[in-house]
Amino acid sequence: MTTRIVELRRGILKKNDELAAGLRSRFVDAGVLVLNLVSSPGTGKTAFLEFTLRELRVRGAKVAALVGDLETDNDARRLAASGAPVRQINTHGICHLDAEMIDKHLTGWEGFALAGLDYLFIENVGNLVCPSSYDLGEKIRVALLSVTEGEDKPLKYPTLFNSADAAVITKMDIAEPCGFDRELALKNINEIRPGIRIFETSAKTGAGMEQWLGYLAEARAGRGA
Amino acid sequence: MHELSIAASIVDAVTESAAAYPGARVKEVRLRLGSLASVVEDSLQFCWGITVEGTPLEGARLVVKILPVIVHCASCRQDGELASLQSFRCPHCGEPCSDLRQGRELEIEAIEIDEIDEVEEAV
């Protein structure tokens, strides 16, 4: 019996990373801007996305969405009311989306084509820990935080906020009754991800959405992100 | 709580790599995990025990090396270890830093295997 050490130096998530790289080049070839939306459960990702899909369609953009949840197709039905093609991904207990799920749901999507699409939004499973490790091939990762969650959320979940390309604060319409300390929240986000673009929004009143939509248009034109 | 998925990915990767050494038994798997990798070691060890059960990796030790976050400062142009995950600032000059040089690793560094010697095999 001989004992020996074999150097591997390989990524644990190599399979996911390779799949994600393949997806990324497909997205680039198709000319579609892909965004991965990540937050806690209840931050308002779906309401934020409903507004975004609706407004982009009004402006003539071709949009679609994949939405991840452990169970139910409630979110897909809500988002589909915007008129955009939407597909639900049920993970049945898995706490994050991975590249294989995205690949599988894009491939098996009847009547759907990436070509001709301007934006594809991926609403991740509500979770601020696990989604941060899984690349989905997106161009932009968006971390969302609502005014009801506490200004120190970025400090508690530095991995996720540090890996984000843009941050969105949701439910700004109820910031005051919640005693939300805006300055502190902005400071905390900046401590974790210096210089990140931050949008202060309300999907209810539409506040801040114009800036967000402007950012999307810039990113799509290759100037923003 | 994605340590179970991570453990399963490690088992797949190690099984694949160990296939190059037929008959060898994997005794140890060495990992390099960045402090920003979102993996809790205790939880991973627990999941590892469950995941390897009944596989050729059963009994293999999981050895985890945690790597600190290293940032590169655009102002003072030095690398340095982040003092706290709650503040991404250069440890030398205090300027905000977003250029990470280390800290996100999720890597299998090496495996330790017992190989059957040819002589033994002949017997």
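How far CZ of R9(A) is from CD1 of I108(B): 12.5 Å, rounded to the nearest 0.5 Å. In this structure, the separation between CD on E7(A) and CD on E109(B) is 6.0 Å, given to the nearest 0.5 Å. Within the model, atoms OG of S87(B) and CG of N188(A) stand 10.0 Å from one another, a figure rounded to the nearest 0.5 Å.
The contact between S132(A) and chain B is made entirely by side chain atoms (from C-beta outward), counting heavy-atom distances below 4.5 Å.
Summarising the local packing, CD of E71(A) is surrounded by more than 12 heavy atoms from other residues, nucleotides or ligands at distances under 6.0 Å. Around CZ of F112(A), the count of heavy atoms belonging to other residues, nucleotides or ligands within 6.0 Å exceeds 12. Atom CD of E100(A) is surrounded by 12 or fewer heavy atoms from other residues, nucleotides or ligands within 6.0 Å.
Across every non-hydrogen atom of D114(B) and T3(A), the tightest pair is OD1-OG1, 2.5 Å. Heavy atoms only, all atoms of each residue included: P194(A) and P96(B) are closest at CB-CB, 3.5 Å.
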Exercise for review: Could you check R30(B) against I5(A) for side chain to side chain contact (heavy atoms under 4.5 Å, CB included), going step by step and ending with a plain yes or no?
Suggested key: CA-CA 10 Å; R30(B) 299 178 188 174; I5(A) 311 284; 3.2 Å; yes

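By a heavy-atom distance cut of under 4.5 Å, L155(A), P158(A), T159(A), N162(A), S163(A) are the residues of residues 147-163 of chain A near chain B, going up by number. Taking 4.5 Å as the heavy-atom cut-off, the residues of residues 9-16 of chain B that approach chain A are S9(B), I10(B), A13(B), E16(B), ordered by number. By a heavy-atom distance cut of under 4.5 Å, R10(A), G11(A), I12(A), L13(A), K15(A) are the residues of residues 10-31 of chain A near chain B, going up by number.
Heavy-atom pairs under 4.5 Å with chain A peak, among R32(B), Q86(B), E28(B), R25(B), at Q86(B).
Within the 4.5 Å cutoff, the side chain of V6(A) has no heavy atoms near those of the S17(B) side chain.
Here D73(A) pairs with R77(A) under the side-chain hydrogen bond (donor to acceptor under 3.5 Å, both in side chains) rule; sequence neighbours left out.
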